[in-house]
Amino acid sequence: MTRRSVIRGTGHYLPEHVIENSWFEGRLDTTDEWIRSRTGIERRHFAAEGQTTSDLAIRAARVALDRAGMTAGDIDGIVLATSTPDFTFPAVATMVQAGLGMRRGFAFDVQAVCAGFVFALANADGMIRSGQADRVLVIGAETFSRIMDWTDRGTCVLFGDGAGAVVVEAQDGAGTSDDRGILSSDLNSDGTYRELLYVDGGVSATGTTGQLRMQGNLVFRHAVEKLAKTAHTALDKAGLTGADVDWLVPHQANMRIITATAHKMGLPMEKVVLTVADHGNTSAASIPLALSVADSQGRFQPGQLLVTEAIGGGLSWGSVVLRW
Ligand code: UT7
């Protein structure tokens, strides 16, 4: 017998305020056509003034709990991925815990930027498999609109705000790749690539919040190279190949990166969940948002094999393979 972490419910929340590409045209030297053709992004959501990452996360978590048929009292812990916390501390996860009315269990944040949800999910799986917890709420939530340089057309058109959540629960499996739940994961970081994607402020270095800086074309090259590789590594650990994959649920940064990764994995685009056009890049929220959107549309069937993959600042990148 092998303890597995099975997704019982998904949920998401997107702020009401929708920003079309055309909004940037009057403000920057850019066009809807450039943004669409170079990224696949058509619109994104921005949090309202005063609306914080924990507000978005709480709303997504409530939906996930509801769809799982659980209440906050059933949950043993919260692992929340974000790079845009409400405050330096406490962890956003503890604010979500309080917001949900939970008075027991653990709650902590994971910081791996756009790869954050993959890292959080793999951590939650480790805690479930080691017996630390039976039910964990795993959340990705971001308000990247708060760290944009609105004069930098190379970054501010790319990102959006939102939150996604999943409830994972322990279930015994036979220990084979036919089991439901998380089958394998692959996590990587290489801090020597810091200059490619970072925020130029922070508590200890500058005492400011800072703004996002990116050498987009270099990150693009790493993404195309590393994403298919990490997905293959995770599949290999589970004794599976690209041919076994029913759904690729990728980090939604750029349509051209997603297409290249699917191609390298030998997957037709019908097997790829796409939300980048409507959400933009929501960093750690992008995969749980995509999972929840596709789940709410009834696209995943029990027994189907899903692969998630993401790369972001650090650089950090990774993949999780799971059976629905
Ligand atoms: O989620 C974390 C990981 N992040 C990513 O995965 C992002 C990866 N990178 C990308 O998605 C792409 O590199 C971008 C979308 C950021 C940029 O696309 P690109 O095809 O790599 O363009 P580039 O950076 O090489 O720039 C090409 C040209 C430049 O002009 P010149 O120097 O050729 O005259 C840029 O200044 O496009 C220009 N450009 C723009 N033009 C109009 C950059 N941004 C814009 C813009 N509108 N918004």
Side-chain angles (χ1 to χ4, degrees), residues 19-44 81-84 111-120 140-145 147-162 164 188-191 193-199 211-231 248-262 264 272 274-277 279-290 308-319:
I19 302 288
E20 300 287 340
N21 287 347
S22 55
W23 185 82
F24 293 95
E25 289 184 340
R27 293 170 167 79
L28 291 163
D29 182 14
T30 190
T31 58
D32 171 46
E33 207 287 315
W34 191 95
I35 302 170
R36 258 174 219 260
S37 63
R38 302 309 290 167
T39 71
I41 297 166
E42 296 175 19
R43 58 193 65 82
R44 74 287 291 140
T82 191
S83 303
T84 46
Q111 219 279 45
V113 202
C114 297
F117 182 78
V118 168
F119 278 55
E142 302 279 17
T143 46
F144 259 52
S145 63
I147 54 167
M148 289 297 109
D149 174 352
W150 299 106
T151 65
D152 179 10
R153 67 178 182 173
T155 54
C156 73
V157 304
L158 305 174
F159 293 91
D161 302 336
N188 312 272
S189 303
D190 185 342
Y193 291 121
R194 170 181 180 272
E195 294 298 322
L196 300 193
L197 177 51
Y198 64 100
V199 168
Q211 291 175 323
L212 184 144
R213 306 289 169 208
M214 178 166 71
Q215 296 181 48
N217 47 7
L218 295 184
V219 177
F220 188 100
R221 268 183 243 163
H222 281 284
V224 168
E225 178 214 322
K226 291 181 166 53
L227 290 173
K229 205 162 157 190
T230 181
L248 177 64
V249 189
H251 171 46
Q252 311 280 324
N254 185 316
M255 187 64 189
R256 291 185 293 139
I257 296 173
I258 296 172
T259 308
T261 305
K264 281 192 172 190
V272 184
L274 296 171
T275 53
V276 65
H279 300 172
N281 183 346
T282 57
S283 189
S286 97
I287 290 175
L289 267 164
T308 65
E309 40 78 348
I311 186 166
L315 294 176
S316 286
W317 66 100
S319 177

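Only heavy atoms go into these numbers, but all of them, side chains included; no hydrogens, no water, no symmetry mates. Whatever order the structure lists ligands and atoms in, that order sets their numbers, starting from 1.
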Identify the protein heavy atom lying closest to [atom], giving its residue, its atom name and the separation to 0.1 Å.
atom                    : answer
atom 25 (O) of ligand 1 : N217 ND2, 3.5 Å
atom 39 (N) of ligand 1 : W34 CZ2, 3.4 Å
atom 19 (P) of ligand 1 : R256 NH2, 3.6 Å
atom 9 (N) of ligand 1  : G216 O, 3.0 Å
atom 11 (O) of ligand 1 : N254 ND2, 2.7 Å
atom 36 (O) of ligand 1 : R153 NH2, 2.9 Å
atom 1 (O) of ligand 1  : N281 ND2, 2.6 Å
atom 47 (N) of ligand 1 : T30 OG1, 2.6 Å

Does some non-hydrogen atom of the protein lie less than 4.0 angstrom from [atom]?
atom                    : value
atom 33 (O) of ligand 1 : no
atom 28 (C) of ligand 1 : no
atom 41 (N) of ligand 1 : yes
atom 16 (C) of ligand 1 : yes

Under 4.0 Å, counting heavy atoms only: does L158 come that close to any atom of ligand 1?
yes
With a 4.0 Å cut-off on heavy atoms, is G154 touching ligand 1?
yes
Rounded to the nearest 0.5 Å, how far apart are CG of N217 and CZ of R38?
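Answer rounded to 0.5 Å: 10.0 Å.
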How many angstroms lie between CG in N254 and CG in L158, if you round to the nearest 0.5 Å?
8.0 Å
Please examine the side chains of P250 and L227, heavy atoms only from C-beta on, and report whether any two atoms are closer than 4.5 Å.
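L227 does not reach P250 side chain to side chain.
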Does a side-chain heavy-atom distance below 4.5 Å link I41 with V157?
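Not touching, per the 4.5 Å side-chain cut-off.
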[X] side chain vs [Y] backbone, donor-acceptor pair below 3.5 Å:
X    : Y    : result
E25  : D32  : yes
R213 : Y198 : no
T143 : S145 : no
K264 : V224 : yes

Within ligand 1, which atoms have a heavy atom of [X] less than 4.0 Å away?
X    : answer
V157 : 48 (N)
C114 : 1 (O), 2 (C)
I257 : 6 (O), 8 (C)

With heavy atoms and a 4.0 Å threshold, my read on which part of V113 contacts ligand 1 is neither
Could you tell me whether A223 approaches ligand 1 through its side chain, its backbone, both or neither, with non-hydrogen atoms closer than 4.0 Å?
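No part of A223 is near ligand 1 at this cut-off.
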Heavy-atom closest contact (E142 atom, V113 atom, distance):
OE2-O, 4.3 Å
For the residue pair A284 and A81, what are the closest heavy atoms and their distance?
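Closest approach of A284 to A81: CB-O, 3.6 Å.
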Taking the six-membered ring for Trp, are F24 and W150 parallel (under 30°), tilted (30 to 60°) or perpendicular (over 60°)?
parallel
Pick one: which of R36, R44, E42 meets side-chain hydrogen bond (donor to acceptor under 3.5 Å, both in side chains) with N21?
R44
